[in-house]
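Taking it in order: structure first as structure tokens, then the write-up.
Residue indices begin at 1 and follow the sequence shown.
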Amino acid sequence: RKRTRASAEQLAVLEDTFAVNVSPNSKLRKQLADQLQMSERSIQIWFQNRRAKVKHMQKRAQIQMQQASIRAQLYHYNQQQHGMHPYGENKAYLNATTLIIGTWHRLRLRTSDLLCVYEPDQRQFAWYITDSNCHFKMVVALKSVANIEYVPLDDQQADVHFDMNEPPLFYMESTHPDTSSTWIQCSDFTEEKQASRFFRHTLKGMVHTL
């Protein structure tokens, strides 16, 4: 059956009602139906859809606020740590102690073991990993990050969850005889290639530095 769209006048009344009552009872729905010459079922469906739209907008706004919060924290931490890391200055550093992807863990026992940064010029996050004097990195494009969630665990510890809609790119550092080095794309170096299958990366660290 063809669906009848509400007129501008009907929408104005519905929106005014929604502004003061997002879930009207059957009595109010009947009053609106009589006033607007619409069926009660149409009134009920309109309010259901309007509540769903608000919920979606709130979720989107929450995600944007979380991302803005993370960017602000990254910028603040970068200001504190400016010039103290070997991979360049125009970066924001997350002082993570652990990177978790699936069941694969990377612990930072020394500073060079794990370095997590946001690189604004490339609009990407990068996880730098050193293992037996070999240097690797994972690159997560900002556009592939669907959600960033900051979760304080207690007064000391916190997690940051990165949910992505595609796997990162993987690189290893190649050093040339003239001492220059370049990053060469490689295959997934995590155990059982978990970073290609699990699209949530979790960084663990201290509340005041993560």
Results of side-chain hydrogen bond (donor to acceptor under 3.5 Å, both in side chains) for [X] - residues two or more places apart only:
X: Asn165; result: none
X: His161; result: Thr202
X: Arg50; result: Glu15
X: Arg108; result: Asn95

inquiry  = Could you list the cluster mates of Val22? Members are the ILVMFWY residues connected by side-chain heavy atoms closer than 4.5 Å, either directly or through other members.
reply    =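 Besides Val22, the hydrophobic cluster comprises Leu11, Val13, Leu14, Phe18, Leu28, Leu32, Leu36, Met38, Ile43, Trp46, Phe47, Val54, listed by chain and residue number.
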query = With clusters built from Ile, Leu, Val, Met, Phe, Trp and Tyr whose side-chain heavy atoms come within less than 4.5 Å, directly or transitively, what are the remaining members of the cluster of Val20, listed by chain and number?
reply =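 None; Val20 is a cluster of one.
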key: ring pair (Phe, Tyr, Trp, His ring centres under 6.0 Å) involving Tyr171 - partner list, sequence neighbours excluded   =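 Here no residue qualifies.
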request  = Quick one: list whatever passes side-chain contact (heavy atoms from CB on, under 4.5 Å) with Ala141, sequence neighbours left out.
outcome  =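 Ala141 satisfies side-chain contact (heavy atoms from CB on, under 4.5 Å) with Lys143, Ser144 only.
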message = Once side-chain contact (heavy atoms from CB on, under 4.5 Å) is applied, do any residues pair with Leu109, and if so which ones, sequence neighbours excluded?
response =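 For Leu109 the side-chain contact (heavy atoms from CB on, under 4.5 Å) partners, ignoring immediate neighbours, are Asp113.
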Could you pull out all residues at least two apart from [X] that satisfy salt bridge (charged side-chain N to carboxylate O under 4.0 Å, His left out)?
X: Arg123; result: none
X: Asp131; result: none
X: Asp34; result: Lys30

inquiry  = For residues Ile148 and Trp127: do they belong to one hydrophobic cluster (side chain heavy atoms under 4.5 Å, members Ile, Leu, Val, Met, Phe, Trp, Tyr)?
reply    =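 Yes, because Ile148 and Trp127 connect within a single hydrophobic cluster, where side-chain heavy atoms sit under 4.5 Å apart.
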message = Exactly one of His201, His105, Lys204 should register a side chain to side chain contact (heavy atoms under 4.5 Å, CB included) with Leu99. Which one does?
response =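 The option that passes is His201.
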